[in-house]
Every structure is written in structure tokens, then in C-alpha cells.
Amino acid sequence: AQTVTQSQPEMSVQEAETVTLSCTYDTSESDYYLFWYKQPPSRQMILVIRQEAYKQQNATENRFSVNFQKAAKSFSLKISDSQLGDAAMYFCAYRRKLTGNQFYFGTGTSLTVIP
Amino acid sequence: GAGVSQSPSNKVTEKGKDVELRCDPISGHTALYWYRQRLGQGLEFLIYFQGNSAPDKSGLPSDRFSAERTGESVSTLTIQRTQQEDSAVYLCASSLGDTNGLLHFGNGTRLTVT
């Protein structure tokens, strides 16, 4: 079974600084998707960024970028120029690249942004 | 609506009562997922629907939990004889069901069992 591990229950960052959230996963598949989702206090899960395993280039979305190390099964999220609105729970998720497969989520990292 | 809709947003019930939670996925999304999120915890998979069938219900914690989906649309999650440990936020998500697989979440139902 696939597992997703987030080893940092809590992180904090000064406003305008950079923070990196860690995620590792376990799989025997060669092609799959990886995601970072953000959950603010409103409970709404928001997709931050997605990476396809066969693509070697790291995905980037504005201030959010990933460091995808396929051999190490590592998928960290870097948030640059942190803003107060970035404060939330961040979940890493994995999905096999086949129709009809569930998503596996990590336990989350709570990010605090200090003004 | 444009997004995944869940109702009620909050539900308080007495221990031993049955509850029904509803999820309206995005129109055209064939895949539908239910997750449970206990306070301060991650997402715990409950059940997955493809169309109206549930090929993976491995996450349902006990036979008190059941779910159905009709018309490849609305899904209801039923919890019978609720227990205090059932208190959690229940999140529903849908996706197109193809290999693109982007999940779209509702805002969840916060269930409190007293």
C-alpha cells in the first residue's frame, strides 16, 4: 500500500521569508501524481501544486515550487515570500496514474506565518 | 453550483442516533470520495465511488458506516448508532475520474456527537 509521510507536524516562518515543507512517500509504481493541498481554517481544501512523476522538471506555481526527487521518493514544497494568507494546514498527497484509484494523504503540516 | 456542496455544514447529534451527510459533486464528475478528518489530524479515506458503484470501501471503519450514490450524482454517508469517536469533519471530494485526477473538495460537515 502507498503511504505518504509528513514528518513536520508544525512549521513557522517570518512573513516575506521562505519555508520548505517536507513529504516522502512509498510506492512501487513508476508513474503517478503528487499534490500539495492547503487547508485554511475555513476547511476548504485548495490545490496548491501538482507534479507528474514522469516529468523531471519541478512544478512551479507563482510563489510555490516543489523539489521532486523521484529516486529518493521525496516531494517538498517551498513557499517563497511567505504571506499571512499562507497560514494553513498543508497536505501532501499521492495518486496512482490510473483511473479509479484513491488519493493517499499525509498527516499534514500546520504552517504559521509570523508578521 | 460550480463546486462540491456538502450539507449540513454542521451537525450535532446525540450518541446512538443515526445521521446522514450529503454530498453534491461537481456536475459531470464520475468519481466521488469521502474522507474523515479528526481534529488536528490528516485525511482518513472512507470510500470511493466510480459512477454509482463503490470499488473501494476499504476505509469504512465499521458496519455502522455506509454510503450510497445515485444518478452518478448525489452521495449520502450514513452513520448509524453514532458514537463520540465519530465526531470529526467529513469531507467529500469529486474528480473527473480520468487520469488527470484533480480532486475538488467540499467544505465538509462537522459532526459532533454528544
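Reminder, nothing fancy here: chain letters follow the sequence lines and each chain counts from 1.
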Peer 1: What part of A:E52 lies closer than 4.5 angstrom to a heavy atom of chain B: side chain, backbone, both or neither?
Peer 2: neither

Peer 1: Tell me, side chain or backbone of B:F49 under 4.5 Å from chain A's heavy atoms, or both, or neither?
Peer 2: neither

Peer 1: Looking at B:R110, B:E44, B:H104, B:Q41, which has the largest count of heavy-atom pairs under 4.5 Å with chain A?
Peer 2: B:R110

Peer 1: Would you mind reporting whether B:V89 and A:Q39 have side-chain heavy atoms less than 4.5 Å apart?
Peer 2: no

Peer 1: If I compare all heavy atoms of B:L91 with all of A:M45, which pair ends up nearest, and what's the gap?
Peer 2: CD1-CG, 4.3 Å

Peer 1: Residues of residues 6-15 of chain B under 4.5 Å from chain A (heavy atom pairs)?
Peer 2: B:S9, B:N10

Peer 1: Should the heavy atoms of other residues, nucleotides or ligands under 6.0 Å from CG of A:L84 be counted, would the total exceed 12?
Peer 2: yes

Peer 1: Linking I/L/V/M/F/W/Y whenever any side-chain heavy atoms sit under 4.5 Å apart, do B:L111 and B:F105 land together?
Peer 2: no

Peer 1: Do A:M11 and A:F75 share a hydrophobic cluster, counting only Ile, Leu, Val, Met, Phe, Trp and Tyr and linking them when any side-chain heavy atoms are less than 4.5 Å apart?
Peer 2: yes

Peer 1: Less than 4.5 Å apart, side chain to side chain, heavy atoms only: is that true for B:L102 and A:Y33?
Peer 2: no

Peer 1: Could you look at B:Q37 and say if it's the side chain, the backbone, both or neither that has a heavy atom under 4.5 Å from chain A?
Peer 2: side chain

Peer 1: Taking side chain as C-beta onward, heavy atoms only, is A:F35 less than 4.5 Å from B:L103?
Peer 2: no

Peer 1: Surrounding CD of B:E85 (heavy atoms of other residues, nucleotides or ligands, distance under 6.0 Å), is the total greater than 12?
Peer 2: yes

Peer 1: Give the cluster check for A:Y37 versus B:L32: same hydrophobic cluster or not, with ILVMFWY residues linked at side-chain heavy-atom distances below 4.5 Å.
Peer 2: no

Peer 1: At a heavy-atom separation under 4.5 Å, does B:D56 approach chain A through its side chain, its backbone, both, or neither?
Peer 2: side chain

Peer 1: Compute the centroid of each ring, for B:Y35 and then for A:F105, and state whether the two points are separated by less than 6.0 Å.
Peer 2: yes

Peer 1: Just wondering, are more than 12 heavy atoms of other shown residues or ligands nearer than 6.0 Å to NZ in A:K78?
Peer 2: no

Peer 1: Should B:L21 and B:L43 be counted in the same cluster of Ile, Leu, Val, Met, Phe, Trp and Tyr side chains packed under 4.5 Å apart?
Peer 2: no

